[in-house]
Amino acid sequence: MKYFLKLQLTLINRELVDFGIKPILGYLISVFAFIFFSHLFFQKVLYPEYFYIFFSLSILLYLNEKRRNDFLKLLYKNNEYFKIRVVENLIISLPFEIFLLYKHQILSVFLLFISSILLVFYITRNKLSFVLPTPFNKKPFEFNIGFRSQFLMIIFCYTITFISINVKNFNLGLFSLFLLHFIITIFYYKSEEKYFVWIFNQSPKKFLIEKIRTSIMYSLILSSPISISLIIFNPELQLFLTILGIQFLGVVLIIISILGKYSNFPSSSNPVQMFSIIFSISFPPILILVIPFLYMKSIKKLKYILE
Amino acid sequence: MIEIKNLKKSFGENLILKGVNLSFSEGNIIGFVGSNGSGKTTLFNCISGLEKHEGTITYSGGKLKNDLGFLQTEPYILNKITGNEYLQLFCNSRNLDNTDVDSQNIFDLPLNKFVETYSTGMRKKLTLTGILIQKNKVYILDEPFNGVDMNGNLIIREIIFKLKELNRLVLVSSHIFSTLTDICDLIYHVNNGEIIKGYTKMNFIELESEMSNSSVINSVSKLNLL
């Protein structure tokens, strides 16, 4: 068991190195980010402790994937397997429990502790046989995968829009539009295998333009139910202009996300992409520099695969 | 058609390909045999352009990768994509509009299901279908028979013969020696990053006895089985 857990730590360290930061720095940033976002969460959300437990358990679900557990069962004896899984779950839920304790949520700590142990007995299957149809079949790739992976989040956005129209709080609707565009940028976060770029007989420039064109077209399709319904139920010029502004911002985010991904291709995790998005949202004029910089870098990275 | 001169490839300090020189002409089926780790897949990756390398690879038809269909040993599969969408992606990559991918489903694959639910052999069949739809001039098939059922293997054999008939160049590797000797015009023996020798149809028996003598008996005796 000790060796397996040590190996997990080594894997996390390697991920951090691949991401471009030293492991110790990665851990420090993670601790500060965790404390900051937990505080923010407890300030902004109603009944935060329940959502907090739910969020913690949903992270643990990643360890319950069937193939991973089959592998562990084959490798270890039954009691050793359960020991590993319980220890893993307890380690991951520990920071959440400490923060709940700090917030004097003793019952929630107890609930999370028990749930994280019980969750060991629940195995998830990742091979779903149900194929969710999408309107993106002409150029199938990021949008088909993203739409199916983030389906619940997309439905959540549409639901918020519906509620915003019902309660006539159109700011909430605008927020759902922004959230949807942010979810779309996640479609482009992970780099594909080199092979799926290599098969294209396009120049790097044409490849990038085609990717951006497709993503803009499909993001407009995906966001149109929100923007159109908001305009229909509140046909005011100011709202219309704000929707246009958010759509424009969404397009810019996708462009940065695509360029960011290929600027560090074929590396799977990309700090350049993440920081570019954060900087661009907080200080939009920097886009004049960020976009050409990422574009040139992407062209350079794609050249050796496509030419 | 393709000329490879002094091809070298290393990963860190580990030299995998030690100056390979080869030339291939169209209408041929060229086989590559060698033990695991001998450098066959690295050679294919370099020819395809997926790996940077030293030395030159020239192709008389222009840009080789635009005419090349590459079936990798373990085709990488995208999650949450159906077989249909996967083939459509291969069509889009070559700007092939209005291709009816269903009609080209030669292996009767369940194209409306997620590719991640496919078995190893089915994934191979799907990727092979994809590169065939692209109508390439050169094909690299890295262990195409591995993991594929008997009927699928027979179809792949027929496909390779058809490609030869159409004057295409096919580079193929396999660990099933009899299959290679059945289909190839020429087989290269790869060992430790070097091309040891090329064998024509007349010398295939010589190659087989050379390979088995050098490895099988010594390897089994090392095991110390009780």
Side-chain angles (χ1 to χ4, degrees), chain A residues 65-67 125-152 154 186-188 190-204 206-207 209-211 213-214 217-218 265-266 268 300-307, chain B residues 44-53 61-99 101 110-119 127 130-131 133-137 140 142:
Chain A
E65 194 259 314
K66 191 178 181 302
R67 278 185 64 188
R125 289 170 188 273
N126 62 345
K127 286 184 177 179
L128 290 174
S129 52
F130 173 68
V131 176
L132 190 69
T134 79
F136 314 116
N137 286 351
K138 207 163 177 220
K139 304 260 175 180
F141 197 9
E142 292 93 344
F143 265 77
N144 294 56
I145 297 169
F147 181 78
R148 286 167 182 150
S149 310
Q150 306 292 333
F151 180 67
L152 289 178
I154 292 164
I186 298 171
F187 297 179
Y188 289 88
K190 212 174 168 199
S191 286
E192 61 268 45
E193 187 68 13
K194 260 195 280 184
Y195 185 78
F196 292 106
V197 172
W198 176 85
I199 53 171
F200 283 85
N201 65 347
Q202 292 167 338
S203 66
K206 197 166 174 228
F207 177 83
I209 288 171
E210 195 56 40
K211 280 267 170 196
R213 206 174 67 90
T214 308
M217 203 168 68
Y218 284 170
F265 193 79
S268 57
K300 205 174 150 191
K301 287 279 177 182
L302 287 170
K303 236 176 194 168
Y304 101 89
I305 293 172
L306 286 170
E307 287 188 349
Chain B
F44 289 159
N45 282 340
C46 289
I47 296 173
S48 69
L50 278 169
E51 292 286 358
K52 285 178 181 172
H53 55 80
K63 207 183 276 182
L64 176 58
K65 76 170 277 304
N66 292 351
D67 283 339
L68 179 63
F70 185 10
L71 173 68
Q72 294 178 301
T73 320
E74 286 174 31
Y76 191 85
I77 291 302
L78 298 161
N79 285 342
K80 303 223 181 317
I81 279 266
T82 64
N84 243 317
E85 291 163 355
Y86 192 80
L87 293 179
Q88 184 62 47
L89 178 70
F90 274 79
C91 294
N92 293 347
S93 70
R94 298 294 161 93
N95 304 315
L96 298 170
D97 294 327
N98 307 319
T99 307
V101 292
L111 294 182
N112 55 349
K113 289 197 171 159
F114 283 138
V115 177
E116 65 201 89
T117 62
Y118 284 21
S119 68
T127 309
I131 61 172
I133 288 177
Q134 289 179 327
K135 298 198 184 337
N136 291 294
K137 287 179 183 159
I140 295 179
D142 196 357

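The model shown is predicted, which means the values in this text are computed figures rather than measured ones. Naming: A, B, ... by sequence-line order, numbering from 1 per chain.
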When you measure from the side chain of [X] to the backbone N and O of [Y], does any donor-acceptor pair fall under 3.5 Å?
X       : Y       : value
W198(A) : S48(B)  : yes
N201(A) : D67(B)  : no
Y76(B)  : E192(A) : no
K194(A) : L50(B)  : yes

Could you grab the distance from atom [atom1] of [X] to atom [atom2] of [Y], nearest 0.5 Å is fine?
X       : Y       : atom1 : atom2 : answer
K65(B)  : I305(A) : NZ    : CD1   : 9.5 Å
L306(A) : N66(B)  : CG    : CG    : 8.5 Å
F196(A) : I77(B)  : CZ    : CD1   : 6.0 Å

E85(B) vs R148(A), salt bridge (Lys or Arg N to Asp or Glu O under 4.0 Å): CA-CA, chis, key distance, verdict: CA-CA 13 Å; E85(B) 291 163 355; R148(A) 286 167 182 150; 2.9 Å; yes
Intermediate values then yes/no, side chain to side chain contact (heavy atoms under 4.5 Å, CB included), N95(B) and F200(A): CA-CA 9 Å; N95(B) 304 315; F200(A) 283 85; over 6 Å; no
Are more than 12 heavy atoms from other residues, nucleotides or ligands located less than 6.0 Å from atom NZ of K63(B)? yes
I'd like to know which of L132(A), I145(A), N137(A), T134(A) tops the heavy-atom pair count under 4.5 Å against chain B. I145(A)
Counting heavy-atom pairs under 4.5 Å with chain A, which one of L68(B), N84(B), D97(B), I131(B) comes out on top? L68(B)
Which heavy-atom pair separates F130(A) from F114(B) by the least distance, and what is that distance? O-CE1, 3.2 Å
Which heavy atom of L78(B) sits nearest to which heavy atom of F141(A), and what is that distance? CD1-CE1, 3.4 Å
Is E210(A) in contact with chain B via its backbone, its side chain, both, or neither, using a 4.5 Å heavy-atom distance? neither
Proximal component of F136(A), with respect to chain B [non-hydrogen, under 4.5 Å]: neither
Applying a strict 4.5 Å limit to non-hydrogen atoms, the region of Y86(B) in contact with chain A is side chain
